[in-house]
Amino acid sequence: MGSLSPPSFSNNISSSLNSNHIDETTLVNLFKSQQNHLNFFFNNIDHSQTLSFTRLLLSTAGTIFFSGVGKSGFVARKISQTLVSLAIRSVFLSPVDALHGDIGIVSDGDVLVLLSKSGATDELLRLVPCARAKGAHLVAVVSVEGSPLSTMCDMTVVLPLERELCPFNLAPVTSTAIQMVFGDTVAIALMGARNLSKEEYAGNHPAGKIGKSLIFKVKDVMKKEDELPICRESDLIMDQLVELTSKGCGCLLVVDDNHHLIGTFTDGDLRRTLKASGDAIFKLTVGEMCNRKPRIIGPDAMAVEAMKKMEAPPSPVQFLPVINDDCTLIGIVTLHGLVSAGL
């Protein structure tokens with residue numbers, strides 16, 4: 001589809017490669033050429049085919065299988081994994097393994113999507129009748145209209161390909177790029193149609209930063225009970241040095257007899273008090289020098305919100321006391337704890 005670039009393009013690339021050198025002009029021209037090839041795809045794709053394909057996947061009660069060989073196989077696997085992350089039942093099916101037993105996983109009501117630039121990949125052509133016998137609905141995603149694979153499948157989506165960026169029009173670089181763009185765009189369309197929430201998406205990524213930022217709450221990462229550096233406002237500062245330093249929070253949490261938070265006293269406050277008071281520090285109580293309006297947070301707030309609150313103006317802080325609705329202290333969340341949790 002489309003004509004080859006002028007011979008000078010190939011000659012220039014070959015010359016650059018032979019001299020172990022690529023100049024900026026050559027690189028810029030390559031990016032511009034790839035952009036033009038991708039624009040050809042965007043300008044010529046049949047949206048009615050894409051819509052029918054997307055609706056088929058949306059209505060499928062079974063499993064959506066993707067298959068391909070070589071570079072198209074890598075793309076097929078990636079698209080399948082994207083769908084899985086969106087809570088859509090999908091599996092990559094190796095065409096070779098399928099012909100040696102793995103076809104047993106396919107059943108009536110499933111969809112098998114076959115990615116192939118040429119639509120003439122021998123392994124896929126041999127897979128089609130086997131999958132059809134299993135009752136699967138077959139879709140060819142190709143870049144050549146009227147290809148053998150297209151004629152054998154129930155549905156065809158043509159991905160318009162002007163040419164490969166490769167100067168010889170051989171290496172599959174533009175064709176795989178448009179396959180990836182196509183698959184990922186359809187995946188996001190399915191995500192919207194299925195009304196997948198941000199929380200549901202995060203639930204599928206619990207170990208990654210995306211999931212942690214949307215799942216973890218303050219109560220999941222806070223220190224509590226014996227881990228808290230607690231003192232009373234009448235306690236002498238010098239009597240609480242061990243508590244201040246041993247809990248790894250960088251502060252004291254000052255509470256009353258009902259465990260309500262009164263304020264905080266940090267190691268920074270200790271340094272400033274010592275500098276300003278000298279020997280008088282031995283007689284000062286925590287209550288006299290504590291901050292009675294510290295930043296606080298509730299246990300059900302998102303952990304990522306706690307991090308934002310710590311970093312907020314006028315100056316960042318390293319911790320937030322965690323209190324419940326009646327101002328009772330129940331924990332502390334630290335910047336170090338949030339970072340350790342992967343946020």
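Remember, it's a predicted structure, so these values are computed and weren't measured experimentally.
Around CG of D325, the count of heavy atoms belonging to other residues, nucleotides or ligands within 6.0 Å does not exceed 12. Summarising the local packing, CG of D300 is surrounded by more than 12 heavy atoms from other residues, nucleotides or ligands at distances under 6.0 Å. In the displayed structure, R126 atom CZ is contacted under 6.0 Å by more than 12 heavy atoms of other residues, nucleotides or ligands. More than 12 non-hydrogen atoms from other residues, nucleotides or ligands lie less than 6.0 angstrom from NZ of K78. Residue F74 qualifies as open at atom CZ: its count of foreign heavy atoms under 6.0 Å is 12 or below.
Within the 4.5 Å cutoff, no side-chain heavy atoms of T334 are placed close to those of Q318. Using a 4.5 Å heavy-atom cutoff, the side chains of V333 and I297 are in contact. Residues L127 and L114 meet the side-chain proximity criterion, which asks for heavy atoms closer than 4.5 Å. Looking only at side-chain heavy atoms (C-beta outward), S67 and L112 come within less than 4.5 Å of each other. Side chains of P160 and F41 form a contact here, defined as non-hydrogen atoms less than 4.5 Å apart. With contacts defined as side-chain heavy-atom distances shorter than 4.5 Å, the pair I296/V322 does not qualify. With contacts defined as side-chain heavy-atom distances shorter than 4.5 Å, the pair D46/V158 does not qualify. In this structure, P294 and L261 have side chains that are in contact, with non-hydrogen atoms separated by less than 4.5 Å.
Taking CZ of F40 as the reference point, atom CD1 of I178 lies at 9.0 Å (rounded to 0.5 Å). Taking CG of L86 as the reference point, atom CD1 of I188 lies at 6.0 Å (rounded to 0.5 Å). In this structure, the separation between NZ on K224 and CG on L228 is 10.0 Å, given to the nearest 0.5 Å. Between L329 atom CG and H260 atom NE2 the span is 10.5 Å, to the nearest 0.5 Å. The CG atom of L270 sits 11.5 Å away from atom CD of Q240, with the distance rounded to the nearest 0.5 Å. To the nearest 0.5 Å, the span separating OG1 on T50 from CD1 on I45 amounts to 3.5 Å.
Distance alone, capped at 3.5 Å, is enough to place a donor-acceptor pair between the R89 side chain and the A61 backbone. The closest donor-acceptor contact from the side chain of K247 to the backbone of D226 lies under 3.5 Å. For the pair R292 (side chain) and G287 (backbone), a donor-acceptor distance under 3.5 Å is present. For E123 (side chain) and P95 (main-chain N/O), no donor-acceptor pair under 3.5 Å exists by modelled atom type. Counting only distance, with no hydrogens or angles, the side chain of D110 and the backbone of V106 share no donor-acceptor pair below 3.5 Å. Listed for the E311 side chain is no donor-acceptor partner under 3.5 Å among the backbone atoms of K308. A distance-only check finds no donor-acceptor pair linking the side chain of S80 to the backbone of F66 [under 3.5 Å]. Of the possible polar contacts, none joining the T328 side chain to the H259 backbone as a donor-acceptor pair under 3.5 Å is found. Side-chain atoms of S118 come within 3.5 Å of backbone atoms of A120 as a donor-acceptor pair (strictly under, hydrogens ignored). At distances below 3.5 Å, not a single donor-acceptor pair connects side-chain atoms of R163 with backbone N or O atoms of T174.
Residue R295 comes nearest to P321 through the heavy atom pair O-CD, 3.0 Å, listed as atom of the first residue, atom of the second, then distance. The two residues C166 and L170 come nearest to each other via the heavy atoms SG-N, 3.6 Å. Listed here is the closest heavy atom pair of V221 and A303: CG2-CB, 4.2 Å. The minimum heavy-atom distance between C290 and G263, with the atom names listed, is SG-CA, 4.4 Å. V286 and C231 get closest at one heavy-atom pair: CG1-SG, 3.8 Å. Here the shortest heavy-atom pairing between L320 and M310 reads CG-CG, 3.8 Å.
In the hydrophobic cluster analysis, where Ile, Leu, Val, Met, Phe, Trp and Tyr join through side-chain heavy atoms closer than 4.5 angstrom, V111 is grouped apart from M152. The hydrophobic clustering, which links ILVMFWY residues whose side-chain heavy atoms are closer than 4.5 Å, places I230 and M222 apart. Hydrophobic clustering of Ile, Leu, Val, Met, Phe, Trp and Tyr side chains at less than 4.5 Å, counting indirect connections, unites I262 with L244. Under the 4.5 Å side-chain heavy-atom criterion for ILVMFWY residues, a single connected hydrophobic cluster contains both V317 and V218. Both F42 and V186 belong to a common hydrophobic cluster when Ile, Leu, Val, Met, Phe, Trp and Tyr are linked at side-chain heavy-atom distances under 4.5 angstrom.
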>> I'd like to know whether C249 forms a side chain to side chain contact (heavy atoms under 4.5 Å, CB included) with I332, so could you lay out the CA-CA distance, the side-chain angles of the two residues, the decisive distance to 0.1 Å, and finally the verdict.
In response: CA-CA 8 Å; C249 298; I332 185 172; 3.9 Å; yes
>> Please evaluate residues E288 and K283 with respect to the criterion salt bridge (Lys or Arg N to Asp or Glu O under 4.0 Å), reporting the C-alpha separation (whole Å), side-chain torsions for both, the decisive distance (0.1 Å), and the verdict.
In response: CA-CA 10 Å; E288 291 177 275; K283 297 181 181 180; over 6 Å; no
>> The test is side chain to side chain contact (heavy atoms under 4.5 Å, CB included); show your working for M155 and L56 and say whether it passes.
In response: CA-CA 10 Å; M155 176 185 292; L56 171 66; 4.1 Å; yes
>> Before you tell me yes or no, could you show the steps for R194 and L58 under side chain to side chain contact (heavy atoms under 4.5 Å, CB included), namely the whole-Å CA-CA distance, both residues' side-chain angles and the distance that decides it to 0.1 Å?
In response: CA-CA 8 Å; R194 291 164 61 93; L58 182 63; 3.7 Å; yes
>> Pair I64, I88 - check side chain to side chain contact (heavy atoms under 4.5 Å, CB included), show working.
In response: CA-CA 8 Å; I64 304 169; I88 298 172; 3.9 Å; yes
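Side-chain atoms of E164 and S175 include a donor-acceptor pair closer than 3.5 Å. Remark: the Q179 side chain and the S72 side chain contain an N/O donor-acceptor pair separated by less than 3.5 Å. Using modelled atom types and a 3.5 Å distance limit, the side chains of S150 and S147 yield a donor-acceptor pair. Judged purely by distance below 3.5 Å, without hydrogens or angles, the side chains of N29 and T26 never pair a donor atom with an acceptor atom.
Looking at R232 and D256, no side-chain N of the basic residue comes within less than 4.0 Å of a carboxylate O on the acidic one, giving no salt bridge. One finds a salt bridge joining D269 and R272 here, because a Lys/Arg side-chain nitrogen approaches an Asp/Glu carboxylate oxygen to under 4.0 Å. Under a 4.0 Å N-O distance rule, the pair D108/K134 does not qualify as a salt bridge.
Between F182 and F53, the distance from one ring center to the other falls under 6.0 angstrom.
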